[in-house]
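So that the names make sense, note that chain A is the first sequence line, chain B the second, and so on, each numbered from 1. For the numbers below, each heavy atom of this structure counts, side chains included, while hydrogens, waters and symmetry mates do not.
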Amino acid sequence: MLDIKYLRKNVLEAEQRLQNRGVSPDKLTELLTLDKERRDTIQSVENLKADRNAASDKIAYAKRNKEDASDAIAAMQKVSAKIKALDLRQTELDDQVQNLAAHFPNLAAPDVPVGTDEAANVEQRVWEPENYQSRPHALLESPEWLKAHYDVGEALGILDFERGAKVSGARFLYYVGDGARLERAVYNFMLDEHRKEGYTEMITPIVVNDSAMFGTGQYPKFQEDAYRVEGLDQTYIPTAEVPLTNYYSGETIPSDQLPIKFTALSPSFRKEAGAAGKDTRGLIRLHQFNKVEMVKFTKPEQSYKELESMTNNAENILQKLGLPYHVIMLSTGDMGFSAAKTYDVEVWMPQQNLYREISSVSNTEDFQARRMHITYRDDNNKLQLVHTLNGSGLAVGRTVAAILENYQNEDGSVTIPEVLQPYMGGQEKLVATPHY
RNA sequence: GGAGAUAUGGCACAAUCCGGUACUGCAACGGACUCGAAAUCCGUCGAGCCGCUUAUAGCGGUGUGCGGGUUCAAAUCCCGCUAUCUCCUCCA
């Protein structure tokens, strides 16, 4: 949620910044008009209430002295009727202002490139392992035997998309045998790495209420992509960002505890409405996938430093796994609803010959904190909104996909990245196993 | 799932039956005493949110778990909801 006082006082600047995020200036005018009417109504009703409070005192005083107060009561009956009508009007206007404001995306930080889509994104840096040139995957033209991760997985008998579709539907799968073991190794490795960086590990509810979904900005605008429990005020989380960030909703965090860092593995559920036909095969786009998430609560002055370090925490995982990647800064048109600034980390997929998003790290500044009412006390003991950040660290399924493509061998086997071998009982390779 | 109870400031509580300025204590803050501190004494203290204005402040509104209703007036009466506790039932 944006600060309506800021919008009121900086109309021209706000119009421009909103336009950068694809919001027409008309919307702002509409909001501010409603807001003005709302404030006028408040003033009228508050004057009446002040009168009524004074009159009520007099009535109470008269009654205590056994005096007649029926004239005053009759007069107040009329005033109260007026107050009731105005209160009703004010509630309507409050709702309208809130509903409208709830659909405004966050404003972008000043250094975010302005653009309408991903074409305006700006590459920040590229990384690949030192010995990467020695592997065939780095060749500009992939060798013929190089397979897509889903073909590797199916040939090894460790990914079963068919049975996933049979039992659940499209975009669901079973991991089988070493596949399940590899997935488990990957997320255990990620959680251990984040723990070393000072993140507190959490296991969260994976069903949350509407107010939590509103708090992080999924609701009210993006309900069609969510798995909502029918007839209940509950939704299967699209990301652990929701329960992790809402952990402190409505609370004041003691300022000496900031910054606070959480990490959690959770399944993520997405309907992928509007993505029909995209990435229909493999682990890239599923209705249910595992993700290790990172969340931070910080003071405003430290949030951008923490954004950089959170991005580095995501990169660290890929570096230790030896997977090539690059980091891009998203443009104003490509960022998510709640973000003020976002870095995407994209991993190299040699068979597709392109980078795929494997992590998205955002600073939402006080946008989510204002929706959730998460505050701290500053040096003057005044309540201020915290800044919240979130990032994937990383999408587990996509990491498995990247390993299968980057570490596959000509004989169809897959070498297990060294850092994962201790998590797989010392196993060094995935080879085809008899299957069920 | 069934029955009962509870929800009031940072904390602990009173007022609820029978509607009329939300009591008191602790904590906190300011001051006195003291070389200093403790103790003691005096004073202040409804957080947050909203609006207005002469804007580091002042005034007003709101505010007794949440949402409604009745009333000139609701912590108090009525309806709905949520959470917590106890017991029963069930269960991993």
Please state how far atom CD in A:Gln98 lies from atom P in B:rC49, giving the value in whole angstrom units.
-> 14 Å
Return the nucleotide paired to B:rA28: Watson-Crick means purine N1 to pyrimidine N3 with N6-O4 or O6-N4, wobble means G-U with N1-O2 and O6-N3, both under 3.5 Å.
-> B:rU44
Interatomic distance, A:Tyr376 OH vs B:rG48 P [rounded to whole Å] | 15 Å
Heavy atoms under 4.0 Å, any strand shown: does A:Ser56 hit a base, just sugar-phosphate, or nothing?
-> base
Atom C1', compared across B:rC13 and B:rC91: separation rounded to whole Å | 39 Å
Answer yes or no: does a side-chain N or O of A:Arg39 lie under 4.0 Å from OP1 or OP2 of B:rC50?
-> no
For A:Ala60 and for A:Asp51, find the nucleotide of RNA chain B with the closest heavy atom, then tell me which residue's nucleotide is more 5'.
-> A:Ala60
Watson-Crick/G-U partner (both atom distances under 3.5 Å) of B:rC91 = none
Atom C1', compared across B:rU71 and B:rA83: separation rounded to whole Å | 30 Å
List the steps, then state whether side-chain hydrogen bond (donor to acceptor under 3.5 Å, both in side chains) holds for A:Ser362 with A:Asn390.
-> CA-CA 5 Å; A:Ser362 298; A:Asn390 64 81; 4.7 Å; no
Heavy-atom check, side chain of A:Tyr199 versus side chain of A:Asn313, under 4.5 Å = yes
Would you say B:rU70 has OP1 or OP2 under 4.0 Å from some side-chain N or O of A:Lys84?
-> yes
With both distances kept under 3.5 Å, what pairs with B:rA7, Watson-Crick or G-U wobble?
-> B:rU82
Phosphate oxygens OP1/OP2 of B:rG51: is one of them under 4.0 Å from a side-chain N or O of A:Arg8?
-> yes
Of all the nucleotides listed (B:rG60, B:rG48, B:rC52), which has the minimum atom distance to the side chain of A:Gln43?
-> B:rC52
Distance, P atom - from B:rU6 to B:rC78, rounded to whole angstrom | 13 Å
Taken to the nearest whole Å, CD1/A:Ile83 to P/B:rG51 is 19 Å
Please state the P separation for the pair B:rA75 and B:rG67 - nearest whole angstrom.
-> 14 Å
Opposite nucleotide pairing with B:rC35, Watson-Crick or G-U, both atom distances under 3.5 Å = none
Just checking, any donor-acceptor pair under 3.5 angstrom between side chains of A:Gln16 and A:Asn20?
-> yes
Residue from A:Tyr236, A:Phe172, A:Phe289 passing ring pair (Phe, Tyr, Trp, His ring centres under 6.0 Å) with A:Phe269 = A:Tyr236
Whole-Å distance between B:rG51 P and A:Asp94 CG?
-> 9 Å
Evaluate the side-chain proximity of A:Thr388 to A:Tyr248: yes if any heavy-atom separation is below 4.5 Å, no if none is.
-> no
Presence of A:Gln77 side-chain N/O under 4.0 Å of B:rC72 phosphate oxygens OP1/OP2 = yes
Determine the Euclidean distance between corresponding C1' atoms of B:rC66 and B:rC11; express it in Å to zero decimal places.
-> 23 Å
Determine the Euclidean distance between corresponding P atoms of B:rU64 and B:rA5; express it in Å to zero decimal places.
-> 23 Å
Whole-Å gap separating P (B:rC52) and CG (A:Leu48) = 17 Å
Using a 4.0 Å heavy-atom cut-off across all strands, classify A:Ala50 as base, sugar-phosphate, or nothing.
-> sugar-phosphate
Indicate whether any N or O donor in one side chain lies under 3.5 Å from an N or O acceptor in the other, for A:Glu365 and A:Tyr304.
-> yes
Stepwise salt bridge (charged side-chain N to carboxylate O under 4.0 Å, His left out) check, A:Asp87 with A:Lys49 | CA-CA 10 Å; A:Asp87 264 343; A:Lys49 281 180 177 174; 3.2 Å; yes
P atom, B:rA39 versus B:rU24: distance in rounded Å?
-> 23 Å
Are A:Thr252 and B:rG48 close enough that a side-chain N or O sits under 4.0 Å from OP1 or OP2?
-> no
Of the nucleotides B:rG20, B:rA47, B:rC50, which has the atom closest to the A:Arg377 side chain?
-> B:rA47
Could you tell me whether A:Phe337 and A:Phe222 have their ring centroids closer than 6.0 angstrom?
-> yes
From the candidates B:rG61, B:rA73, B:rG20, the one with an atom nearest any side-chain atom of A:Ile59 is B:rG20
Verify the contact: side-chain N or O of A:Asn47 to OP1 or OP2 of B:rG60, cut-off strictly under 4.0 Å; return yes or no.
-> no
According to a strict under-4.0 Å criterion, is A:Asn53 in side-chain N/O contact with OP1 or OP2 of B:rU21?
-> no
Watson-Crick/G-U partner (both atom distances under 3.5 Å) of B:rC59 | B:rG51
Over how many whole Å does the gap from A:Asp87 atom CG to B:rG51 atom C1' extend?
-> 14 Å
Where the side chain of A:Ile42 is concerned, which of B:rG61, B:rC72, B:rG51 is the nearest nucleotide?
-> B:rG51
Touch class at under 4.0 angstrom, heavy-atom based, for A:Lys5 against every strand present = sugar-phosphate
Between P of B:rC49 and CE of A:Met372, the distance in whole Å = 16 Å
Integer-rounded Å distance: B:rC66 P and A:Asp210 CG | 20 Å
Sticking with atom P, work out how far B:rG9 lies from B:rG4, rounded to a whole angstrom.
-> 27 Å
